[in-house]
Each structure stands twice: as structure tokens, then as C-alpha cells.
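In what follows, a structure is listed as C-alpha cells, so that the remarks can point back to it.
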Amino acid sequence: NMLERKNVETLSDKIGGVEGLCLVLQSHPERGIDTDTIPKRHELYGVNALLRKEVPMFLWFLLDAFKDPIMQILCFCSVVGIILGMTLPNPHTGEVDTATGWIEGTAILISV
């Protein structure tokens, strides 16, 4: 394919160079196409516009990442860590520390 390879020799040999291409496309090398021929060209060649791709949302990336079993295990463990940190007493002090017991599990959840 001439466009994929950008082969100037193919343009010269098969089509006849720029002049030959202009003859095939019914165009002028300096003035371009006549505005009267635009509707006919739209019918023949289609509109010269790129199709817009749908941009994926961040939520789709998040849901796709959550399909990984390691991510599911880490999220589950972080929730368990938050629950245990908020309900079980600290082994050093023997008191339930609700002010900082949630930090470790939350840090894991945020990093995931």
C-alpha cells in the first residue's frame, strides 16, 4: 500500500506522480478542488473526517483492575484491618485505640 509505506516510487510509477494523482482525483495541483464538486466527492469518497473514539472513564480502569485476584485480596484484607484496628485492643496498652486503629487498613486500601 502506497500510503502505509510512503513509497514515492509507487506514486511516480503507477500513478504518474503528483500530476497523475491530480488527474485521477480531478484536482488542480495549485488551486485544489472546485467547491462545486464537494457534494459529489462526499458521495464518492465519503466525508474526510476521523471517527471519534470513546474515551474510557477512570471507573472502567478501576473495575478492570479489580478483576485481579490480588487486588481483591488486598482490598478484603484492608477492610478486615480497619475493622480489627477499630475493635480489638492494642496488645501493648490493652486499650482500643479508635483514633489511630483505622490508619493501617486505610493506608493499604488507598495504596491499592
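As a basis for the values below, the full set of heavy atoms in this structure was taken, side chains included, without hydrogen atoms, waters or symmetry mates.
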Could you please spell out the steps behind the side chain to side chain contact (heavy atoms under 4.5 Å, CB included) verdict for Leu84 and Val80?
-> CA-CA 6 Å; Leu84 293 178; Val80 170; 3.7 Å; yes
Could you tell me whether the side chain of Arg41 and the main chain of Leu25 form a donor-acceptor pair under 3.5 Å?
-> yes
Mind checking whether Leu109 and Ile83 sit in one hydrophobic cluster, side chains of I, L, V, M, F, W, Y counted as touching below 4.5 Å?
-> no
Neighbour count above 12 (heavy atom, 6.0 Å) for Asn48 CG | no
Any side-chain heavy-atom pair from Asn90 and Glu95 closer than 4.5 angstrom?
-> no
With side chains defined as the heavy atoms from C-beta onward, is the minimum distance between Thr106 and Ser78 less than 4.5 Å?
-> no
Rounded to the nearest 0.5 angstrom, the NE2-NZ distance for His42 and Lys40 is 14.0 Å
Check: Leu88 and Val96 side chains under 4.5 Å, non-hydrogen atoms = no
Quick one: pull up CD in Gln26 and OG1 in Thr37 and give me the separation to the nearest 0.5 Å.
-> 8.0 Å
Please report the closest heavy-atom contact between His28 and Arg31, naming both atoms and the distance.
-> ND1-N, 3.2 Å
Is Gln72 atom CD crowded by more than 12 heavy atoms from other residues, nucleotides or ligands, each under 6.0 Å away?
-> yes
Could you state the interatomic distance from CG (Leu74) to CD1 (Ile108), rounded to the nearest 0.5 Å?
-> 7.5 Å
Could you give the distance from NZ (Lys53) to CG (Leu51), rounded to the nearest 0.5 Å?
-> 10.0 Å
Looking only at atom types and distance, does a side-chain atom of Asp34 sit under 3.5 Å from a main-chain N or O of Asp36, one as donor and one as acceptor?
-> no
Report the distance from atom CD1 of Ile103 to atom CG of Asp97, rounding to the nearest 0.5 Å.
-> 8.0 Å
Shared ILVMFWY cluster between Leu21 and Tyr45, side chains joined below 4.5 angstrom?
-> yes
Same apolar cluster (I L V M F W Y, side chains within < 4.5 Å links), Leu63/Ile70 | no
